[in-house]
Amino acid sequence: MNFERIQEKLEILADAAKYDVSCSSSGGNRKNKGGLGDSHASGICHTYTEDGRCVSLLKILLTNHCIYDCAYCVSRKTNDVKRAAFTVEEVVDLTISFYRRNYIEGLFLSSGIFKDSDTTMERLVRVAKKLRLEHNFNGYIHLKSIPGASDELMKEAGLYADRLSINIEIPTEKGLKLLAPDKSHSEMIKPMSFVKNELILYKEEKKIFRKVPRFAPAGQSTQMIVGATNETDLKIIKVADHFYQNFNLKRVYYSGYVPVLEDSRLPSIHSQVPMQRENRLYQADWLMRFYGFEASEILDPEQPFLDLEVDPKLAWALRHREQFPVNINTASREMILRVPGIGTKSAGKILMARKFQKLGMDQLRKMGVAVNRTKYFVEFESSNVFSKFIDDQNLRKILLSGMSSKYQNPFSQQLTLF
Amino acid sequence: MTTLVYDGSFEGLMTAVFEVFEYRYGVARIIGEENHQHHAFFDEVHHVSTDNSKADRVIQKLETGLGRSGVRQLLLVYLSERQDAGDLILAAVRQSVKNPGADILQNFGDSDIMEIAKICKSMSREIHRLHAFVRFEELEDGMFFAKVEPDFNVLPVGFRFFKDRYADQKWMIYDLKRQFGIMYDLKDTTFFYPDAGQLDRLRNPDNLYSEREKKYQKLWQRYFTKTNITERKNMKLHTQHVPKRYWKYLTEKG
């Protein structure tokens, strides 16, 4: 191995892949039978970059040569960057060597489209196949499907990869046409539908035959870039909901646009990464997946943007005072989950603990509930002095004064009196 | 009040629990030998001699009451090395005996049980960090070696993960703080307690590395640097996820 050359390629192809956020390794459960690797349903983050994002997979491009010219992408054809390409063997060796040292959970492999969709997809599949069949590798493999790839290749990809994904990139077709004239949503959706149907097929066959080759056991995911075009949060949430409902997606990722290229169609190179907006979108996504919220409850056409000051659950509670206070000792799980400051884990603890004894504020605090928010929205058998605030016009202000945001601007001119 | 002093082993602790009931001590404390000298000047002291059959009877009783996962939680409390571990475990056993058929470890409104839940949570976090932050280094003889220094004694409950994952490579994980390790020889895992000479080599294995080891480390370091998005730099979040005390064994921080 020529380590110097490999290092150079790794630097180029990791740098080009870093904007892809769909890097979790959850949902796989590949048991190891004497070979290398084992995937747990929950996955493990092995380290974190200085930007605070987790590293669980070796996330690289096979090549950054690309025939497309998408405005938001650093690997676009007309961008003047160093190009490189890994061989299949090099990617396999890096994956195995990193895995053996416990640096990673597996591989996330994406690619620039270097000749046509199928040639590129075939090369990605070959890496996964070699890892599984020749190296008996049971770690996690996530392949980025190439828009326009044929069904046969998608089928094969699903046999060796744990997860497949296609980035929808821009939430609206119009935005996509503007920034990625060579791409269309329909081309992205075609392989997505194929994967969805294969997953359904697998489930049905599994009921009849015991030994059906597994197909993408960790399902499929997608990613949207946020803030490159002027779509609303409502639009983004609706698109995500559409994918959850119709394509059985495991995850939708939101990626705040990082300005890397000068282009009149894009926000200026000096604009800020919309990290707070991205954070609120993830919170809204969580509400849909784990808290029983409908997309339409989170935002409506009159208010199409998420409140940046308060999280979407608190925002919902402030709009729906009539639902509160919630009695912690008697309310349904569904309603307890809607109380600001109570997460799924605390909700579980509350439901268990109240079988043994009546709960009060003190116990909630000990369970790790964010009492500074929760206290205004709950009631107990004993009195709760804070529950009277629920009808107070200024509740929002009162709540905000008791919270500090991690996104608060340290250079803010605004001074507080106390 | 009676203070029961045990030898520091889990079986010893379980024997102590047994004897609290055997001798019908009303108010009692259970404390490990290593912590004993700081306490209990005025108390009546009962020295427990570890008896595996008594310990087994307690464990079996707990298994019927709290299930295997309940026993595991109490084991985690013991491995947390907290001084009050014995007292918390005794409190849980007393509750379990008083409420047969109820999973009293879910009585989160009770402050002892909540404390146990908290310890289990921080133990799980530490086990998770063991799984995440172990960095193996390949030695000349093909063995993959890692040094760790966890906050709590998590290696005994955390090593299975590596056995499942690295079935086809020899490995060894050594706890520098507690001076024992676990090694896997492609068949079994065994505890080992190195002598002074071995210890010295384990602390400084630099000349034992395989030829390519440093090269892969360099590749990993470069990858780690390049996958970062500088426009999004957030060191507060970074150190929250990767506390600084772990850095010295992380290859990417080398």
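Letters go in sequence order (proteins before strands), and every chain restarts at 1. In what follows, every heavy atom counts, from backbone to side chain, and hydrogens, waters and symmetry copies are set aside. This one's a predicted model, so the numbers in the text were calculated from it and none came from an experiment.
The parts of Gln106(B) that come within reach of chain A are both its backbone and its side chain, each placing non-hydrogen atoms under 4.5 angstrom from that chain. With a 4.5 Å cut-off on non-hydrogen atoms, Asn99(B) does not touch chain A at all. Looking at Glu8(A), neither its backbone nor its side chain comes within 4.5 Å of chain B, counting heavy atoms on both sides. With a 4.5 angstrom heavy-atom cutoff, Leu58(A) touches chain B via backbone and side-chain atoms both. Only the side chain of Leu10(A) has a heavy atom closer than 4.5 Å to any heavy atom of chain B. Gln240(B) does not touch chain A: none of its heavy atoms, backbone or side chain, sits under 4.5 Å away. Contact annotation for Arg53(A): only side-chain heavy atoms (C-beta onward) come within less than 4.5 Å of a heavy atom of chain B. Residue Thr239(B): no heavy atom, backbone or side chain, is found under 4.5 Å from chain A. In this structure, the portion of Phe144(B) lying under 4.5 Å from any heavy atom of chain A is its side chain and not its backbone. Looking at Phe161(B), the atoms closer than 4.5 Å to chain A (heavy atoms on both sides) all sit in the side chain, from C-beta outward. Contact of Glu137(B) with chain A is not made at all, since no heavy-atom distance falls under 4.5 Å. In this structure, the portion of Lys118(B) lying under 4.5 Å from any heavy atom of chain A is its side chain and not its backbone. If you measure heavy-atom distances from Ile60(A) to chain B, the contacts under 4.5 Å come from the side chain alone.
A donor atom on one side chain and an acceptor atom on the other are not found under 3.5 Å apart for Asn234(B) and Tyr48(A).
With ring centers used as reference points, Phe108(B) lies 6.0 Å or more from Phe356(A).
No option in Lys226(B), Arg222(B), Lys218(B) other than Arg222(B) meets the salt bridge (Lys or Arg N to Asp or Glu O under 4.0 Å) test with Glu11(A).
Under the 4.0 Å criterion applied to side-chain N and carboxylate O atoms, Glu50(A) and Arg232(B) are not assigned as salt-bridge partners.
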Salt bridge (Lys or Arg N to Asp or Glu O under 4.0 Å) between Arg100(A) and Glu138(B), worked out: CA-CA 9 Å; Arg100(A) 285 202 182 285; Glu138(B) 191 184 14; over 6 Å; no
What verdict does the side chain to side chain donor-acceptor pair (under 3.5 Å) test give for Asp38(A) and Tyr166(B), after you've listed the backbone C-alpha separation in whole Å, the side-chain angles of each residue and the deciding distance to 0.1 Å? CA-CA 8 Å; Asp38(A) 189 73; Tyr166(B) 301 108; over 6 Å; no
Evaluate the ring-ring contact (aromatic ring centres under 6.0 Å, His included) criterion for residues Phe136(B) and Tyr103(A): first the C-alpha distance (whole Å), next the side-chain angles of each, then the deciding distance (0.1 Å), finally the verdict. CA-CA 8 Å; Phe136(B) 283 119; Tyr103(A) 299 161; 9.7 Å; no
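Options Gln363(A), Met352(A), Lys358(A), Lys355(A) differ in how many heavy-atom pairs under 4.5 Å they form with chain B, and the most are formed by Met352(A).
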